[in-house]
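Here is the structure we will look at, set down as structure tokens.
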Number of protein chains: 2
Amino acid sequence: MDTIGFEQHDHKRCVQAAIAAVEAHCETHRLHLTPVRRRVLEILLNRHSALGAYEILDTLRVEGLGSQPPVVYRALDFLVSHGFAHKIERLNAFIACTHPGQDHTPAFLICRRCDAVAEAHAEPTKGMLGRAASDSGFVIEQAVVEAVGLCPRCHEGAPSCA
Amino acid sequence: MDTIGFEQHDHKRCVQAAIAAVEAHCETHRLHLTPVRRRVLEILLNRHSALGAYEILDTLRVEGLGSQPPVVYRALDFLVSHGFAHKIERLNAFIACTHPGQDHTPAFLICRRCDAVAEAHAEPTKGMLGRAASDSGFVIEQAVVEAVGLCPRCHEGAPSCA
DNA sequence: TCTCAAATGTTATGATATCACATATGGAGC
DNA sequence: GCTCCATATGTGATATCATAACATTTGAGA
């Protein structure tokens with residue numbers, strides 16, 4: 001399953017690849033990946049845990065890219081609306097998408113101990129939820145699927161998953 | 001599927017039955033359903049859409065049951081932690097549980113037009129999410145499943161789903 | 001070069017949630 | 001009945017998350 005992000009990986013390379021994929025997508029879809037938007041995406045990509053909007057803003061402020069909340073929220077709106085990032089409702093935080101440009105319903109595995117977040121795929125129209133929806137005539141347009149628990153490393157009984 | 005709440009029903013009776021079920025559960029589990037907690041539950045039960053904490057607080061304030069945010073948040077903590085109510089993360093709002101006392105993972109169908117919310121059951125350990133979790137060694141303890149879309153009535157093309 | 005839409009800068013405020021500490025309530029043991 | 005203590009509530013202040021409103025800048029195309 002290539003969507004699980006708990007294992008070790010070449011992080012620098014994964015960031016570069018993600019940026020490249022987003023750039024390509026913006027190119028073909030005539031979207032503006034402006035400096036602020038690009039930088040917010042980079043900040044998100046540099047972590048595999050979710051970041052609060054104000055944490056991102058702190059970094060932008062240091063770099064002179066903006067100091068007020070609307071700056072970061074607008075950049076996040078752009079990234080989220082085009083599927084380059086996702087909001088984790090449970091955490092009121094944001095995370096870069098691990099497969100940008102592809103249409104998908106993300107599902108998240110959130111470690112409550114080390115705060116790592118892995119993205120998987122959800123199938124909101126299948127399973128009991130999909131059946132309940134179709135039985136009642138509800139039309140699902142969008143879904144939030146977020147599981148909280150322990151990631152493999154934190155589950156091992158290690159004192160910390162740093 | 002008795003967990004779908006979009007159809008018409010005897011609302012007064014459903015509220016009474018829910019209160020009775022919660023009372024019974026508190027009785028057997030030595031939990032205190034204090035006046036504030038009971039009233040918050042009633043306020044939630046009187047709707048089939050989610051209510052924000054401050055909306056609930058407005059009602060409590062009028063009734064002299066408390067006027068500060070911690071009052072309502074503490075009552076909600078009690079209700080949510082014992083499964084008598086759920087938080088809808090997507091809406092930052094709360095809703096009474098439709099089958100209190102039973103251990104379950106709720107899933108919600110949220111109408112974006114009329115704000116009605118129906119509760120269904122989720123199976124977080126099944127489907128692709130469960131497989132992704134077990135494949136990676138993630139242990140799911142809790143899950144948020146919330147679908148946004150159109151309820152049967154709003155989907156009919158009616159001007160409103162009042 | 002002009003124009004206009006898109007993006008950004010900035011001030012202020014709204015909405016959601018918690019902390020910290022004081023006070024009250026109610027049952028267990030004496 | 002009284003004391004002790006855990007639980008619950010009252011209250012003021014504040015933290016955290018998010019958006020409204022409007023001015024200014026930028027950049028692609030006429």
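Protein chains get the first letters and strands the later ones, always in sequence-line order, with residue 1 at the start of each.
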>> Measure CZ/B/Arg61 against P/D/dT9 and give the value in whole Å, please.
In response: 17 Å

>> Tell me the interatomic distance from B/Leu57, atom CG, to D/dT9, atom C1', rounded to whole angstroms.
In response: 14 Å

>> Both A/Pro69 and A/Thr34 contact DNA chain C. Which one's nearest nucleotide lies toward the 5' end?
In response: A/Thr34

>> I need the CZ-P distance between B/Arg30 and D/dA6, as an integer number of Å.
In response: 19 Å

> Do you know which two heavy atoms are closest between B/Ala122 and B/Val145, and how far apart they sit?
Replying inline: CB-CG2, 3.9 Å

>> Tell me the interatomic distance from B/Leu33, atom CG, to D/dA8, atom P, rounded to whole angstroms.
In response: 11 Å

> Tell me: CD of A/Gln68 to P of C/dA12, nearest whole Å?
Replying inline: 10 Å

>> Can you work out whether B/Pro70 or B/Leu31 has the more 5'-proximal nearest nucleotide on DNA chain D?
In response: B/Leu31

> Which whole-number value in Å describes the distance from A/Glu89 CD to D/dT16 C1'?
Replying inline: 16 Å

>> Distance check needed: C/dT16 P versus B/Arg90 CZ, whole Å only.
In response: 15 Å

> Got a donor-acceptor pair under 3.5 Å from the side chain of A/Tyr54 to the base of D/dA15?
Replying inline: no

> Hey, do the aromatic rings of A/Phe78 and A/His32 have their centres closer than 6.0 Å?
Replying inline: no

> C/dG9 base to A/Arg74 side chain: any donor-acceptor pair below 3.5 Å?
Replying inline: yes

> What does A/Leu65 touch in the nucleic acid at a heavy-atom separation under 4.0 angstrom: a base, only the sugar-phosphate, or nothing?
Replying inline: sugar-phosphate

> Is A/Asp77 salt-bridged to A/Arg74, going by a charged N under 4.0 Å from an acidic O?
Replying inline: no

> Quick one: does A/Tyr73 reach the base of D/dA20 with a side-chain donor-acceptor pair under 3.5 Å?
Replying inline: no

>> Strictly below 4.0 Å: does B/Lys87 bring a side-chain N or O up to OP1 or OP2 of C/dA17?
In response: yes

> More 5' along DNA chain C: B/Asn92 or B/His32, using each one's nearest nucleotide?
Replying inline: B/Asn92

>> Tell me the closest heavy-atom pair linking B/His48 and B/Ile95, and the distance in Å.
In response: O-CD1, 4.1 Å

> What is the nucleic acid contact for A/Leu76, judged by heavy atoms within less than 4.0 Å: base, sugar-phosphate only, or nothing?
Replying inline: nothing

>> Checking B/Gln16 against B/His11: is there a side-chain donor and acceptor pair closer than 3.5 Å?
In response: no

> Whole Å only: how far is the CZ atom of B/Phe94 from the C1' atom of C/dA15?
Replying inline: 13 Å

